[in-house]
There are 2 protein chains.
Amino acid sequence: MVSIHQRIVEDIETRIMGGIWLPGHRIPFEHELVEEYQCSRMTVNKALSALAQRGMITRRRKVGSFVASRQIDRTVMDIQDISTEAELAGHHHSHKILRRKVETLDAATAAQLGETTGADILRLHCLHTVDGKPNALERRIIMLAMVPSARTESFASVPPGKWLLDMVPWSKARHVIRAVSADAATARLLETERGKACLTLIRQTWQMSRTVTHVEIIHPGDRFQFAGDFHPTERGVPNQRSKRGSF
Amino acid sequence: MVSIHQRIVEDIETRIMGGIWLPGHRIPFEHELVEEYQCSRMTVNKALSALAQRGMITRRRKVGSFVASRQIDRTVMDIQDISTEAELAGHHHSHKILRRKVETLDAATAAQLGETTGADILRLHCLHTVDGKPNALERRIIMLAMVPSARTESFASVPPGKWLLDMVPWSKARHVIRAVSADAATARLLETERGKACLTLIRQTWQMSRTVTHVEIIHPGDRFQFAGDFHPTERGVPNQRSKRGSF
DNA sequence: GATCCGCTTTTGTCTATACAAATAGATACG
DNA sequence: CGTATCTATTTGTATAGACAAAAGCGGATC
């Protein structure tokens, strides 16, 4: 019991993925597909529009529809809150607040965040432990103007990442992943050697172009990785099989 | 000049993003939106279907449509072929093949790839240079059964990543990012110190559940990072503003 | 109380038609 | 020859109507 819509989409996808229709190949015109599938143009149009929305094909009036060029260059990474991640993988997670201080934003940090200096912020340092082993060091800044209730929250029971996700609407997130060598203080906290390769995830979250929070999470390189699957049929759409950072 | 379709989508998105409609909130029924926008049900249906396809809302017959729970946990990373990446960023890229050898797949590597032992492979080592500085070390395995033409290709002018992208259809790609310390050989080639934190990208590409290629690309940590933006309105859909790994 | 049946509501899919917008290619004109 | 205009084709959007499928709900029956 598959719909015509679905059949058209799958037929075209199969031909693109199987290499029968290469990038640039012209897909039959709507009226040709109408003839082939014996259905109305609306149905064909919906099918092709859906493929276009997913980036499988590009469409131009008067010209036609064409197989889009392959892009291996995009992958969807699952980048979760650490505690959620650990729970999903069946590990035991706990956290400890190392530092919690209300400050005003200094010039250097303000520039880094793209915000103006002098704003009230909450600075948090937090150590995450998974199955008894230190797994990540979190250094976070929360803009108190955007999240006033953070001023009175201790974060003792709920980790800051999870708490913020539940509390604050956001409209944009940016992730950066880089490799850094652990400095002495970091190495000590994470119980690893100084100079050890660490995977650092930086995430900045905005709501309507104003920063909500900025966080830097440092993982020892031997205890963490990011992974993501990508299927060209699902261009850019997150798929269920993609794995989270694993241990 | 915006279509009704578009107006409905944007109105709903705005309310979800602004926190007016929280996750779980019931969106007006189709017939209510028909009344509100004075349009046909097909138009409303198409708008809501598109939102559902993007994961903004979930829909259930007889029950209604609801705001989906927020997911900050997914981000779209642009992970490109190195030479393409460098060109796009306006840098000069060159590469040198360090090793090129046809072998048979040994048991250990076969297990790592999830393939059976004994298959013919081409093993390539390649050094990438950007603006005169060593930028990445590439260690690649190509399954010759899947790409017979690789047997006679020297890869002297076109780097292997680009060549493969243009030659071979693929149906699945998996990316893993991890941090490692450079060993002596790697450090020498990349002109950095031994033990230096490096960002490693592993990519395995399949066609119809058979491996096409497996590649490990090692970047010095101080010369590379991955970055990606994510907008909840575009759930999982790659967006134009997201940046490539930068230097 | 438990189970089954049918009613009703809501979404899913499809049709046939219509007009609008973009644009490649042909044609007319200076 | 270059340029403006027209025309035919293709996609984009919208309508009104129809029936199907899923599922909550209440009532009848055992």
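Below, read A as the first sequence line, B as the second, and so on, with proteins coming before strands; counting in each chain starts at 1.
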Rounded interatomic separation in angstrom, taking NE2 from His31(A) and P from dG12(D): 14 Å
For the pair made of CG in Asn45(B) and P in dC19(D), what is the distance, rounded to whole Å? 18 Å
Are side-chain heavy atoms of Leu199(A) and Leu199(B) found at a separation under 4.5 Å? yes
For the pair made of CZ in Phe29(B) and P in dG24(D), what is the distance, rounded to whole Å? 13 Å
Mind checking Ile4(A) for me? I need base, sugar-phosphate or nothing, with any heavy atom below 4.0 Å counting as a touch. sugar-phosphate
First encountered from the 5' end of DNA chain C, between His5(A) and Arg60(B): Arg60(B)
Can you identify which nucleotide, out of dA24(C), dT13(D), dG12(C), has its nearest atom closest to the Glu30(B) side chain? dG12(C)
Could you pick out which residue, Ser65(A) or Val2(B), lies toward the 5' side of DNA chain D when each is mapped onto its nearest nucleotide? Ser65(A)
How close or far is atom C1' of dC19(D) from atom CE of Met42(B), stated in whole angstroms? 14 Å
For atom NZ of Lys46(A) and atom C1' of dC14(C), their distance in whole Å: 9 Å
Tell me whether the side-chain N or O atoms of Arg61(A) pair up with the base of dT11(D) as donor and acceptor below 3.5 Å, since no angle test is needed here. yes
Under 4.0 Å, counting only non-hydrogen atoms across every strand here, what does Arg41(A) touch: a base, just sugar-phosphate, or nothing? base
Please determine whether salt bridge (Lys or Arg N to Asp or Glu O under 4.0 Å) holds for the pair Arg59(B) and Glu30(B), giving the CA-CA distance in whole Å, both sets of side-chain angles, and the decisive distance to 0.1 Å. CA-CA 11 Å; Arg59(B) 317 191 72 203; Glu30(B) 294 190 352; 2.7 Å; yes
What is the distance, to the nearest angstrom, from the CZ atom on Phe66(B) to the P atom on dA23(D)? 13 Å
Once you round it to whole Å, what is the distance between P of dT10(D) and CD of Glu32(A)? 8 Å
Check whether any side-chain N or O of Ser3(A) sits under 4.0 Å from OP1 or OP2 of dG12(C), and answer yes or no. no
Whole-Å gap separating P (dT9(C)) and CZ (Arg59(B)): 18 Å
For dT13(C) and Thr43(A) - does any side-chain N or O of the residue sit under 4.0 Å from the phosphate oxygens OP1/OP2? no
For Glu35(A), look at atom CD and say whether over 12 heavy atoms of other residues, nucleotides or ligands are found less than 6.0 Å away. no
Determine whether Leu201(B) and His175(B) make a side-chain contact, defined as any pair of heavy atoms from C-beta on separated by less than 4.5 Å. yes
Side-chain H-bond candidate by donor/acceptor type, Asn135(A) with His128(A), under 3.5 Å: no
